[in-house]
Amino acid sequence: MIESANYDESKVGDYTLPNSLKCEDGTQVFDVSDWVTKRRPELLEMFAREVYGRASGNQIVIESEVVSTDEEALDGIAVRYEIAIFCGGKSNGVRIDLSLYLPKAHSKPVPVFLGCNFNGNHALENSQSIPLNTRWMRNTADEKSVVGNRATEFSRGCESTRWPLQLIIEKGFGVATFYYGDVEADHPDGWKDGIRGVLSLNEESTQFNGEDWGAIAAWSWGLCRALDYLVANPAVDEEKVSVIGHSRLGKAALWAGALDERFAIVISNNSGAGGISLARRNFGESIQSINENFPHWFCGNYKKYNNSAETLPVDMHELASLIAPRPLYISSAQEDLWADPKGEFLAGKYAEPVYALFGKSGLGVAEWPPVNHPVGECIGYHIRTGKHDVTTYDWQQFLRFASRHFRITQ
Ligand code: GTR
């Protein structure tokens, strides 16, 4: 039985986090070299083995093709490209449909935010020129946008408030996005038609081993394939691609950013449990409840910790540390208690010693800041008023943070 979630700070209790700077053999990490050559690989391995699962090592052919170009997107301020990324062949593989928006007026390669969306590329703006995504989708609460697990015409633009495209373009950034279900549908059998099916398994009856990848790792894998495309596109500044994700897609963005150091900045929005919030804090969503509600998200081994977060060999401050020395932004929402906003902040806080190895300062504050007071140097953080969502306020902070780190003057 899943115990009901605790929302009382006084009942969080004591916990001891694993020491990020102590290797498994007991040796201490003193400098960047110890971190890079020993501790970082060790932590990556533990996160793969015990939390997200290891992506299949099978190699497949990845091909991409620009399907269409709209030179007058967003009332003429952007060019939008629809790109098909074929993973494992055009007929038997997985096809990721990437939408790429670039500012129309740009004299040099553009910094880009890459993130998965929840409802298809057509959900970002109300434009008939974007094909309606026809893949399996979670039904929406409005009972109109997604019906019978398929998107309807009504869903055009339904995710637009989460992607303030005009604002992002006007600040000189591009946006690249794809529907996460292109990689794998978000349900326990989704792998059968997704990349995990294509890459790791031959028969439907094949079981996953404890350390085989779950759906979150599959979505992260998709983000890395989209990044492959972006870094090869001369219009994109390959050194300035930031990965962003909200909620379950924030978990995927973090794991992609941890694995793939080509991501220049990692942004976790309300990623919560199994994302950036500390697993050992007894607050909001627990390991047990996430594993029972979403058995396909994490690897089999993660279920060992359903009732014993304290035995997990890692915690999420170490996921944050895996991003170092690259800038990391963590955003929380005041009403999003399920995601444990304070636990999200603390993961950033306890990642500071690793940033310090690189001579980088982290959050720049000792205490959890009040709402709507963004803080941070190399680790940015805010908690805003409101609920679990991505808002224009969030994006304003991401844009400021990325502009500062990329030295873009607004
Ligand atoms: C919730 C889940 C969270 C978060 C969220 C979302 O139901 O418990 O961990 O991922 O879904 O993705 O919106």
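Read the numbers this way: they start at 1 and go in the same order the structure lists the ligands and their atoms. Computed from a predicted structure; not experimentally measured.
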Taking ring pair (Phe, Tyr, Trp, His ring centres under 6.0 Å) as the test, write out the residues that go with Tyr355, two or more places apart.
none
Residues in ring pair (Phe, Tyr, Trp, His ring centres under 6.0 Å) with Phe398, at least two apart?
Tyr329, Trp395
Regarding Asp389 and Arg162, does a basic nitrogen lie under 4.0 Å from an acidic carboxylate oxygen?
yes
Give the residues near ligand 1 by chain and number, with the criterion being a heavy-atom distance under 4.0 Å.
Ser247, Arg248, Lys251, Glu285, Ile290, Phe294, Trp297, Trp338, His388
A cation-pi test, strictly: NZ or CZ of Lys360 under 6.0 Å from the centre of the six-membered ring of Phe358 and no more than 45 degrees from its axis. Yes or no?
no
Please identify which of these residues, Leu43, Val29, Asp25, meets the side-chain contact (heavy atoms from CB on, under 4.5 Å) condition with Lys38.
Asp25
Within residues 319-330 or reaching into it, pairs that qualify as salt bridge (Lys or Arg N to Asp or Glu O under 4.0 Å) - sequence neighbours excluded
none
